[in-house]
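One structure below.
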Number of protein chains: 2
Amino acid sequence: MPPEKSTQEITLAVIQTACSNCNLRELCLPLGLSEEELDRLDDLVSTRRRVKRGEYLYRAGGEFDAIYAIRSGFFKTDVLLEDGREQVTGFQMAGELLGLDGISTEHHTCNAIALEDSEICAIPFSQLESMSREIHTLQHHFHKVMSREIVRDHGVMMLLGTMRAEERLAAFLLNLSQRFTARGYSHADFFLRMTREEIGSYLGLKLETVSRAFSRFQEEGHIAVQQKHIRILNVAGLKALMNHQPI
Amino acid sequence: MPPEKSTQEITLAVIQTACSNCNLRELCLPLGLSEEELDRLDDLVSTRRRVKRGEYLYRAGGEFDAIYAIRSGFFKTDVLLEDGREQVTGFQMAGELLGLDGISTEHHTCNAIALEDSEICAIPFSQLESMSREIHTLQHHFHKVMSREIVRDHGVMMLLGTMRAEERLAAFLLNLSQRFTARGYSHADFFLRMTREEIGSYLGLKLETVSRAFSRFQEEGHIAVQQKHIRILNVAGLKALMNHQPI
DNA sequence: CTGTGTGGTTGACTTGGATCAAGCTTACGT
DNA sequence: ACGTAAGCTTGATCCAAGTCAACCACACAG
């Protein structure tokens, strides 16, 4: 009977999109919450949205009123200079938060663009603040997430400020690999969601340099590359590359 | 009468070091708090400490339990790679907060070193969290401060990732100038607290490159440099330098 | 299956900033 | 007043990564 089926589908959809049933809850904002606290968070995370590949989740200058948790998919954030130069400030995957930059001025300061068809949960910020005044664990975890973002940024500065091209790319691959692992995917076999140009922008390199470094890693047997398909053959080799050369 | 004088001195000292009487309160954590809320914050900010030039306020790996507000002086934060490479991640002046990186893992992830004799206020973090559960304004302002740090970091990434040497240095000088202005100092005449090497580390350049860029700016009449003494003669000129050349 | 466009690779060459080296300036301890 | 060390400047040279250019590999629309 069609009506029943339809009802069931709706119910299933609701269950699936609740934090309490989300398989990312150990990576995402709900980390460490009790069952009861989780239920309250479910009420807060009201809006889910699909963002198609290439679409903007938000734009620099746009008004800020929510942060976003990625349910599935892959994003980049970037900042544009008036003259058109782009700096990719990060790549975000499922379980990670987007939009923390907007709290400061109540306007977003960067663009968030889906690199593949994605799904996000919108978390109204003022409600998150009021709930985190009541749930200590949530407050503390949110602070940790913001702090982790600062630490990550310092890592990128280190990368850009002191490392040479091959070190940067090795660090980038190892970081991706580690994040895929945390999500239950292979640490050694994955597809890049971003172009060479986007990697280059993130790493402060030109796309040709990224391409050459990939080729070099392949020649040396550290990885196998076929367009966006990466297989890591020698983790230790990549790690050695990273700590190798003083600039 | 000596005893009275001494009493008066002590009283004065206490008043001076309270947030409610600190002339940095419009730049620092107390921003936007009511008189009554400010009094409560005073209780929280219990410890003041002097940090001499060259001393560490905290070290990477050390336990985190407080964030620090700078009352006076000047700091740098840096991250060290095993092989000794240093990345300066920021320079901090009066009214700015230090230690936000430590929230994430409950251990500091960078070093904070005084570049001149300084005074700091220690703010025990768990107490800050509990107070910000009660004082909405404090909570919101603290979130803004953390977010601002993330935005600042994105700016540094832009600098390191897409700008050439002279653009980086121009951006650096304009940023310093603007922060000195906010503190009531001259925007156009100041002393650098850091060495060329530290500037270089922050900007991803070698000290010789920094020195040459200073000389070039002087030749072109944008600034006057004499060792650490900088006078900005042509703000517009520096701004023009910043947006000028695609890499 | 074929044309077209986007993205990736590779080569030749150029260049901005690093490296190496020498000399200068300033601050400070004796 | 002088010696020493730390920090800064400047020049000569080198090299990693950028630039320019040609070509290749898919993906996908018709």
Side-chain angles (χ1 to χ4, degrees), chain A residues 52-54 76 84-88 113 115-117 159-170 172-173 191-220 223-230 241 244-247, chain B residues 52-54 76 84-88 113 115-117 159-170 172-173 191-220 223-230 241 244-247:
Chain A
K52 277 214 192 337
R53 182 183 141 91
K76 71 166 177 180
R85 280 181 276 178
E86 178 195 31
Q87 175 67 34
V88 171
I113 300 148
L115 296 181
E116 62 182 30
D117 292 356
L159 205 92
L160 293 170
T162 77
M163 293 184 171
R164 32 190 56 257
E166 294 192 1
E167 292 181 281
R168 294 184 202 188
L169 192 66
F172 172 73
L173 287 175
F191 281 82
L192 298 173
R193 270 70 169 188
M194 68 294 279
T195 66
R196 303 288 190 262
E197 189 169 17
E198 286 162 337
I199 298 173
S201 168
Y202 181 61
L203 299 178
L205 302 170
K206 291 291 157 186
L207 68 95
E208 294 94 329
T209 307
V210 173
S211 181
R212 278 186 243 273
F214 272 132
S215 302
R216 192 120 202 284
F217 287 177
Q218 179 156 253
E219 278 164 34
E220 290 169 354
I223 62 172
V225 208
Q226 205 180 9
Q227 307 284 117
K228 299 206 144 130
H229 183 198
I230 303 283
L241 267 172
H244 219 233
Q245 337 220 44
I247 203 157
Chain B
K52 276 212 193 337
R53 181 184 142 91
K76 71 166 177 180
R85 279 181 277 179
E86 177 196 32
Q87 175 68 33
V88 171
I113 300 147
L115 296 182
E116 62 182 29
D117 292 356
L159 205 94
L160 293 170
T162 77
M163 293 184 172
R164 36 192 50 262
E166 294 192 1
E167 293 181 280
R168 295 184 202 187
L169 192 65
F172 172 73
L173 287 175
F191 281 82
L192 299 173
R193 269 70 170 190
M194 68 294 278
T195 66
R196 302 288 190 261
E197 189 168 17
E198 286 162 336
I199 298 173
S201 168
Y202 181 61
L203 299 178
L205 302 170
K206 291 292 158 185
L207 68 95
E208 294 93 330
T209 306
V210 174
S211 181
R212 278 186 243 273
F214 272 133
S215 303
R216 193 120 201 285
F217 287 177
Q218 178 156 255
E219 277 164 35
E220 290 170 354
I223 62 172
V225 209
Q226 205 181 8
Q227 305 284 117
K228 300 205 147 137
H229 183 199
I230 303 283
L241 267 172
H244 219 234
Q245 336 220 44
I247 204 158

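Quick note on labels: first sequence line is chain A, next is B, and so on, each numbered from 1. A quick note: this is a predicted structure, and the numbers were derived from the prediction, not measured.
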field: Residue whose closest nucleotide on DNA chain D lies nearer the 5' end, B:Glu208 versus B:Arg53
entry: B:Arg53
task: Using atom CG of A:Leu207 as one end and atom C1' of D:dC20 as the other, report the distance to the nearest whole Å.
output: 12 Å
message: With a cut-off of less than 4.0 Å, is there a side-chain N or O of A:Ser211 near OP1 or OP2 of C:dT10?
response: no
field: For atom CD of B:Glu197 and atom P of D:dC8, their distance in whole Å
entry: 9 Å
statement: Rounded to whole Å, NE2 of B:His229 lies from P of C:dT26 at a distance of 13 Å
query: Of all heavy-atom pairs between A:Gly204 and A:Leu160, which one has the smallest distance, and what is that distance?
result: N-CD2, 3.6 Å
- request: Using only side-chain N and O atoms of B:Lys228, determine if any of them is under 4.0 Å from OP1 or OP2 of D:dC8.
  value: yes
message: Classify B:Gly204 by what it touches in the nucleic acid, base, sugar-phosphate, or nothing, heavy-atom distance under 4.0 Å.
response: sugar-phosphate
- prompt: Quick one: on DNA chain C, does A:Gln227 or B:Gln226 contact a more 5' nucleotide (nearest heavy atom)?
  reply: A:Gln227
Gap separating the OG1 atom of B:Thr162 from the CD atom of B:Glu167, nearest 0.5 angstrom: 7.0 Å
query: For B:Tyr202 and B:Lys76, what are the C-alpha separation, side-chain angles and deciding distance, and is it a side chain to side chain contact (heavy atoms under 4.5 Å, CB included)?
result: CA-CA 10 Å; B:Tyr202 181 61; B:Lys76 71 166 177 180; over 6 Å; no
- request: Could you check how far CG of A:Leu169 sits from C1' of C:dG8, rounded to whole Å?
  value: 14 Å
- prompt: NZ of A:Lys206 versus P of C:dT15: gap in Å, rounded?
  reply: 16 Å
- prompt: Whole-Å distance between C:dA18 P and B:Arg196 CZ?
  reply: 16 Å
Among D:dG18, C:dA18, C:dT9, the one nearest A:Ser215 by side-chain distance: C:dT9
- prompt: How would you label the contact of B:Leu205 with the nucleic acid (heavy atoms, under 4.0 Å): base, sugar-phosphate, or nothing?
  reply: sugar-phosphate
message: Quiz question: going by heavy-atom distance under 3.5 Å, is there a donor-acceptor pair between the base of D:dT19 and the side chain of A:Arg212?
response: yes
- request: Carefully, step by step, assess B:Glu116 and B:Arg193 under the rule salt bridge (charged side-chain N to carboxylate O under 4.0 Å, His left out).
  value: CA-CA 7 Å; B:Glu116 62 182 29; B:Arg193 269 70 170 190; 2.9 Å; yes
query: Is the shortest side-chain N/O distance from B:Thr209 to OP1 or OP2 of C:dA18 below 4.0 Å?
result: yes
message: Rounded to whole Å, how long is the line connecting atom CD of A:Glu219 with atom C1' of C:dT10?
response: 11 Å
- request: Heavy atoms only: give me the nearest A:Arg216-A:Glu166 pair and the separation to one decimal.
  value: NH1-OE2, 3.0 Å
Interatomic distance, A:Leu159 CG vs D:dA17 P [rounded to whole Å]: 12 Å
